[in-house]
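Quick note: residue numbers are just sequence positions, from 1. The shown structure was predicted, so the numbers you read here are calculated from the model rather than taken from an experiment. All values below come from the heavy atoms of this structure, side chains included, with hydrogens, waters and symmetry mates left out.
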Amino acid sequence: MNVVAAIWGDKYDECYVTALRHQVPGLVVLGRDRPLQKPNEYKGWWCKLEVFAPWNRDLRPCLFLDLDTFVLGDLSPLRAVDPDTLWLIKNFYMPEKSNSGLFVAPDNELSDRIFEGSSRIDTITHGRGPGDGDYLARFPHKRLTDEFDDILSYKQGQLYDSPKNARIVCFHGFPKPHECQGWAKDFFDARAVG
């Protein structure tokens, strides 16, 4: 299973791409390794929906990671989940909801439906309304965080002093890794240089 990320605009600079590449050899970054084909329609976080596009079918099934993610452990168990299922993670602030900071995109008709439906969402082009995680959660899915208890939030897990046996640490919202102190800043800084 491929591991994929995406970059659009100036929210993240190249040091985020470099840092994640050091954590995940073979990472494919949409917007760098492959051009985004609809950069004016899929802005900001919506650019990750190009993972579901027909022109990226050869990448699927894939594990998608937001650029502000730390991979601290072995990804092979996540790559072994049912590849015909859409897998999301929980929303760390509202655990009853799902989120898209980390997900598995299947290579089947569900991906086709996700991409086709995304072209009709007014919020994509106008930047209003719910985010991509809310959109993806409308589709049948399972949650990686229900299967793996070592996918953690930096803030909600209060990982300020140590990663506490985390496989993956998600930095949703703020602070971003370059704004942290202690182990998180050291980890990021060591990997953010070419």
Engineer: Could you give me the CA-CA distance, side-chain angles and deciding distance for Q181 and Y160, then say whether side chain to side chain contact (heavy atoms under 4.5 Å, CB included) is met?
Structural biologist: CA-CA 8 Å; Q181 300 299 319; Y160 308 119; over 6 Å; no
Engineer: Does the side chain of V29 come within less than 4.5 Å of V4's, by heavy atoms?
Structural biologist: no
Engineer: Stepwise, does the side chain to side chain contact (heavy atoms under 4.5 Å, CB included) test hold for L88 with L136?
Structural biologist: CA-CA 8 Å; L88 302 174; L136 288 176; 4.1 Å; yes
Engineer: Set out, in order, the CA-CA distance, both residues' side-chain angles and the distance that settles salt bridge (charged side-chain N to carboxylate O under 4.0 Å, His left out) for D74 and R79, then state yes or no.
Structural biologist: CA-CA 10 Å; D74 182 13; R79 290 174 164 156; over 6 Å; no
Engineer: Below 4.5 Å, heavy atoms only, C-beta onward: do D150 and I168 meet side chain to side chain?
Structural biologist: no
Engineer: Stepwise, does the ring pair (Phe, Tyr, Trp, His ring centres under 6.0 Å) test hold for W55 with F115?
Structural biologist: CA-CA 11 Å; W55 53 85; F115 189 73; 5.3 Å; yes
Engineer: Sub-3.5 Å donor-acceptor pair from the side chain of T85 to the main-chain atoms of W87, do we have one?
Structural biologist: no
Engineer: Taking H22 for the side chain and L20 for the main chain, is one N or O donor matched with an acceptor at less than 3.5 Å?
Structural biologist: no
Engineer: List the atom of A6, the atom of L67, and the distance in Å for their closest heavy-atom pair.
Structural biologist: O-CD1, 3.5 Å
Engineer: Would the distance check show the side chain of E50 and the main-chain N or O of L36 forming a donor-acceptor pair, the cut-off being under 3.5 Å?
Structural biologist: no
Engineer: List the steps, then state whether salt bridge (charged side-chain N to carboxylate O under 4.0 Å, His left out) holds for R32 with E14.
Structural biologist: CA-CA 10 Å; R32 292 298 180 268; E14 286 302 313; 2.4 Å; yes
Engineer: Kindly determine whether M1 and V104 satisfy side chain to side chain contact (heavy atoms under 4.5 Å, CB included), including the steps that lead there.
Structural biologist: CA-CA 9 Å; M1 185 182 290; V104 173; 3.9 Å; yes
Engineer: In terms of hydrophobic clustering (I, L, V, M, F, W, Y; side-chain heavy atoms under 4.5 Å; direct or indirect links), are L49 and L102 co-clustered?
Structural biologist: no
Engineer: Is a side-chain N or O of K48 found less than 3.5 angstrom from the main chain of S100, in a donor-acceptor match?
Structural biologist: yes
Engineer: Can any side-chain N or O of N2 pair as donor or acceptor with the backbone N or O of L59 at less than 3.5 Å?
Structural biologist: yes
Engineer: Would you check if C180 and P175 make a side-chain contact, meaning some heavy-atom pair closer than 4.5 Å?
Structural biologist: yes
Engineer: Tell me whether F148 is reachable from F171 by hopping between hydrophobic residues (I, L, V, M, F, W, Y) whose side-chain heavy atoms are closer than 4.5 Å.
Structural biologist: yes
Engineer: Please report the closest heavy-atom contact between W8 and C47, naming both atoms and the distance.
Structural biologist: CB-SG, 3.8 Å
Engineer: Are the side chain of N91 and the backbone of M94 linked by a donor-acceptor contact shorter than 3.5 Å?
Structural biologist: yes
Engineer: For the residue pair C62 and V51, what are the closest heavy atoms and their distance?
Structural biologist: SG-CG1, 3.4 Å
Engineer: On the ring face of F92, is K90 found with NZ or CZ under 6.0 Å from the centre and within 45° of the axis?
Structural biologist: no
Engineer: Between R167 and D149, is there a salt bridge with N-O shorter than 4.0 Å?
Structural biologist: no
Engineer: Is there a donor-acceptor pair closer than 3.5 Å between any side-chain N or O of Y135 and the backbone N or O of I114?
Structural biologist: yes
Engineer: Please step through side chain to side chain contact (heavy atoms under 4.5 Å, CB included) for the pair V24 and L65, ending with a clear verdict.
Structural biologist: CA-CA 10 Å; V24 185; L65 305 173; 4.0 Å; yes
Engineer: Within the 4.5 Å heavy-atom criterion, are P106 and R60 side-chain neighbours or not?
Structural biologist: no
Engineer: Taking the six-membered ring for Trp, are H178 and Y16 parallel (under 30°), tilted (30 to 60°) or perpendicular (over 60°)?
Structural biologist: perpendicular
Engineer: Shortest non-hydrogen contact from A166 to L72?
Structural biologist: O-CB, 3.4 Å
Engineer: What pair of heavy atoms forms the shortest contact from L27 to A5, and how long is it?
Structural biologist: CD1-N, 4.0 Å
Engineer: Donor-acceptor pair, R21 side chain versus G26 backbone, under 3.5 Å?
Structural biologist: no
Engineer: F52 and V81: same hydrophobic cluster, using ILVMFWY side-chain contacts below 4.5 Å?
Structural biologist: no
Engineer: In terms of side-chain geometry, is the basic nitrogen of K11 or D68 positioned less than 4.0 Å from the acidic oxygen of its partner?
Structural biologist: no
Engineer: Are L30 and W46 connected, step by step, through hydrophobic side chains (Ile, Leu, Val, Met, Phe, Trp, Tyr) whose heavy atoms are closer than 4.5 Å?
Structural biologist: yes
Engineer: Would R191 and F187 count as a cation-pi pair here, with the cationic atom under 6.0 angstrom from the ring centre and within 45° of the axis?
Structural biologist: yes
Engineer: Look at the aromatic rings of F103 and F64 and report parallel, tilted or perpendicular, splitting at 30° and 60°.
Structural biologist: parallel
Engineer: Check whether any side-chain heavy atom of I89 sits under 4.5 Å from a side-chain heavy atom of R143, and report yes or no.
Structural biologist: no
Engineer: Applying the 4.5 Å side-chain criterion to the ILVMFWY set and letting contacts propagate, would Y12 and V17 be lumped into a single cluster?
Structural biologist: yes
Engineer: If we only count heavy atoms from C-beta on, is the D134 to R138 side-chain gap below 4.5 Å?
Structural biologist: no
Engineer: Under the 3.5 angstrom rule, does the side chain of N108 hit a backbone N or O of D84 as a donor-acceptor pair?
Structural biologist: yes
Engineer: Taking atom types as modelled, is there a side-chain donor on Y154 or H172 under 3.5 Å from an acceptor on the other?
Structural biologist: no
Engineer: Side chains of I151 and C170: does their closest heavy-atom pair fall under 4.5 Å?
Structural biologist: yes
Engineer: Do E147 and K142 sit within salt-bridge range, that is, some charged N less than 4.0 Å from a carboxylate O?
Structural biologist: no
Engineer: What do you reckon, is CG of N165 surrounded by more than 12 foreign heavy atoms closer than 6.0 Å?
Structural biologist: no
